[in-house]
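As structure tokens, the structure follows; a few thoughts come after it.
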Amino acid sequence: MDRGTLPHVVALLLAVCSLRPTSLAETVHCDLQPVDAEVTYVTSRVPEGCVAQVPNATLHVHILFLESSREVSELELTIQKSTQNGTWPREVLLVLSANKNVLLRLQAPGIPLNLAFDPKMVIFQGHPGINTTKLPPLTTKSQLLNWADTKGPIASVAELNDPESILLRLDQAPESPSSCSLEPLMDMGHTLEWKPLSPASVRGCRLEGVPGHKEAHIVRVLPGTDDRPRTVTVKVELRCASGDPDAVLILQGPPYVSWLIDANHNMQIWTTGEYSFKIFPEKNIRGFVLPDTPQGLLGEARRLNASVVASFVELPLASVVSLQARSCGGELQTSPAPVQTTPPKESCNQELLLSLIQPKCSEGVMTLVLKKDLISTLRCTITSLTFWDPSCQAEDRDEQFVLRSTYSSCGTEVTDNVVSNEVVINLLSSSSPQRKKVHCINMEGLSFQLGLYLSPHFLQASNTIELGQQGFVQVSMSPSIPELMLQLDSCQLDLGPDADTVELIQSQVAKGSCVSLLSPGPGGDMRFSFLLRGYMVPTPTTGTLSCTITLRPRTWSLEVHRTISMRLNIVSPGLPDKGLVLPAVLGITFGAFLIGALLTAALWYIYSHTRPPGKREPVVAVAAPASSESSSTNHSIGSTQSTPCSTSSMA
């Protein structure tokens, strides 16, 4: 039989079977029980949320309500902007509200982000490297929404239960409403995707009366509120040392869902909609008509001669599904069903505890502070906390442990301004101590300079710049230490209360075509150039140039942030060589018109008094050259546009 006709024949047989008074699916005997398989997924559906379109706002507000069932959880939060060209807000305010302690790993490359959170509940793993705001004491969700609404238009809100990772995209949602109104079981679409911390419930069973060793893996994706076409990536990993098992993968979902399959074993594929394989993603294969009930899918597995349903899972509408199963020739890998008993006391989470070991260095002292309430939340009991030298014990204060050491004691070493030691923790629940190498940067003796130059040679610094002039900025550190890298995070020019702040660099990215990041100087100095607008109303006379920098060692994951600034004098350009501003242009235009009129009158006077009296002719009015020049000048004035890089503009 031609392979192309097979789907049509199977569909016809299924249609005939569905006409029976009692279908085979309803008579399948299958006692579903938990099995030793794991299914994780990424979805855009949240318990409650909304998405709004705010295209013309300079600040976008996004809100995440984190509901956790654990006293302490880890969260990886990634914020992305679209790779396509588009307009972006000057700033993004992300509000995090957590009901339990969260250890946050944040990634927001190139995003002008301001994060608002409660520092008692949200703890960064490492320095965030962004602007942060402490949330006011708000007790309800509505209070927080009202507070956020005063900061700017709300672009998205999402409530998430036990998230492990979140991906927030800052793309505009063109089909969304202009305001955010919370809806239950909201599909956030392309704006937000997240991965739950706990894997999905996976069950399996043995199909009675079916011989052989063929196994079936069934994934049922439930429909969502949005019926836009989408592709679900299904990753299947069957771990069996005896080779490829005889298996069939059954994927059932709404009609608008297609499938992209990535499997590490050869297996039979049975899906709704269309499907393709990761190795040949452009070749779509038409699927079949499948039942949309659990019993119907179990019957489908039996019709395909499967003797075991090795995994059966039902998921919300997802974008990625990962299935891992220990599958070996039709053997049902069961796992004991959970028993409703008093849960045992959780053991100390040593990994999270070690992530809190982040000492700081200042005034010749390395200091480590651990809050007792957070240690208790991690179910840990510390019996001793020392540096490498065990004689350097931590002080037990009222609410925290404090461990201190000078740079010359307790085994501390200083190399190229990097201070290093080792922290040793003895826990009641562990027989062996936990050790962690710690580092911080000795900032004493280091100074940072911010210089403005008027040429790309960076020879002579200046504190004065003219409107319409290009400035060259250099950020340097002295003394220059090869082990330490300097990074330029953001720069801005504050022109006073009567003018907008000029954003030059945000999140290590140049803002607009007026700003260019230049190659570093010979000593690793960071450099960039900018073009100051040529005409402003009112005209500024002074400004403050400020930059935020990050200092990090080349061999350690460590960051120190500093802000440096300098005062600038701003002068208007002179007329001879710096171009013409609007009042000068109007004056010259009026003068040219007046000179042209006087010249025309003088010529007419001379002509009328010198021509012969008998040869008078009719007078014909002719536009004077100066009048034409004036008309051209007026047109030029009216068509001048104000741009960030323009050297002359009109109010």
Should [X] and [Y] count as an ion pair when the cut-off is N to O under 4.0 Å?
X      : Y      : result
Lys195 : Asp162 : no
Glu159 : Lys141 : yes
Glu71  : Arg379 : no

I want to check something: taking the side chain as every heavy atom from C-beta on, are [X] and [Y] in contact at a cut-off of under 4.5 Å?
X      : Y      : value
Pro291 : Gln252 : no
Ile166 : Leu192 : yes
Lys371 : Leu356 : no
Leu96  : Leu104 : yes
Leu323 : Ser311 : yes
Ser258 : Asn284 : no
Leu317 : Leu222 : no
Val320 : Ser322 : yes

Would Asp31 and Gln33 count as a side-chain hydrogen bond (donor to acceptor under 3.5 Å, both in side chains) if you check the C-alpha gap in whole Å, the side-chain angles of each, and the deciding distance to 0.1 Å?
-> CA-CA 6 Å; Asp31 183 17; Gln33 54 185 312; 5.0 Å; no

Tell me if a side-chain donor or acceptor on [X] pairs with a main-chain N or O of [Y] at a distance below 3.5 Å.
X      : Y      : result
His60  : Val54  : yes
His265 : Leu238 : yes
Ser376 : Asp373 : no
Asp187 : Gly224 : no
Ser319 : Val42  : yes
Glu193 : His190 : no
Thr383 : Asn426 : yes
Lys100 : Glu67  : no
Arg220 : Leu315 : no
Ser307 : Lys214 : yes

Phe288/Tyr275 aromatic ring centres below 6.0 Å |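 Not close enough - the centres of the two rings lie 6.0 Å or further apart.
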
For the [atom1] atom of [X] and the [atom2] atom of [Y], what is their distance to the nearest 0.5 Å?
X      : Y      : atom1 : atom2 : value
Cys205 : Leu298 : SG    : CG    : 5.5 Å
Trp270 : Leu251 : CH2   : CG    : 12.5 Å
Ser44  : Met186 : OG    : CE    : 9.0 Å
Ile279 : Ile261 : CD1   : CD1   : 11.0 Å
Gln53  : Thr191 : CD    : OG1   : 10.5 Å
Lys437 : Ile357 : NZ    : CD1   : 14.5 Å

So, for [X] and [Y], which heavy atoms are closest and what is the spacing to 0.1 Å?
X      : Y      : result
Ser156 : His62  : OG-ND1, 2.6 Å
Ala216 : Ala306 : CB-CB, 3.8 Å
Val157 : Phe65  : CG1-CE1, 3.7 Å
Ala301 : Val309 : CB-CG2, 4.4 Å
Val438 : Glu422 : CG2-N, 4.2 Å
Pro199 : Glu38  : CB-CG, 3.9 Å

Quick check: are there more than 12 heavy atoms from other residues, nucleotides or ligands sitting under 6.0 Å from NZ of Lys372?
->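 Buried by this count: over 12 neighbours within 6.0 Å.
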
Please say whether more than 12 non-hydrogen atoms of neighbouring residues, nucleotides or ligands are located less than 6.0 Å from NZ in Lys235.
->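 Result for NZ/Lys235: open.
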
Do Thr40 and Val321 pass the side chain to side chain contact (heavy atoms under 4.5 Å, CB included) test, and can you show the C-alpha distance, the side-chain angles, and the key distance before you say yes or no?
-> CA-CA 6 Å; Thr40 59; Val321 178; over 6 Å; no

Should Leu115 and Thr133 be marked as a side chain to side chain contact (heavy atoms under 4.5 Å, CB included) after you check the CA-CA gap, both sets of side-chain angles, and the distance that decides it?
-> CA-CA 6 Å; Leu115 188 65; Thr133 300; over 6 Å; no

Go through the steps for Ile425 and Ile382 under the test side chain to side chain contact (heavy atoms under 4.5 Å, CB included), then give the verdict.
-> CA-CA 7 Å; Ile425 307 175; Ile382 296 179; 4.1 Å; yes

Criterion salt bridge (charged side-chain N to carboxylate O under 4.0 Å, His left out) on Glu74 and Arg105, from CA distance to verdict | CA-CA 8 Å; Glu74 291 183 279; Arg105 296 191 305 274; 3.4 Å; yes

Are Gln434 and Leu427 close enough, and set up right, to give a side chain to side chain contact (heavy atoms under 4.5 Å, CB included), and what steps lead you there?
-> CA-CA 8 Å; Gln434 301 296 313; Leu427 300 169; 4.1 Å; yes

Looking at Phe277, is Lys283 sitting on its ring face, NZ or CZ under 6.0 Å from the six-membered ring centre and within 45 degrees of the normal?
->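 The answer is no, since Lys283 fails at least one limit relative to Phe277.
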
Give me the one residue out of Leu144, Asp118, Leu64 that meets side-chain contact (heavy atoms from CB on, under 4.5 Å) with Ser97.
->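 Among Leu144, Asp118, Leu64, the one meeting side-chain contact (heavy atoms from CB on, under 4.5 Å) with Ser97 is Leu144.
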
Using distance alone, with no hydrogens and no angle criterion, decide if Glu351 and Asn349 have a side-chain donor and acceptor under 3.5 Å apart.
->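 No - no donor-acceptor pair under 3.5 Å links their side chains.
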
So Arg302 and Glu208, salt bridge (charged side-chain N to carboxylate O under 4.0 Å, His left out) or not? Walk me through it.
-> CA-CA 9 Å; Arg302 180 167 186 170; Glu208 298 180 4; over 6 Å; no

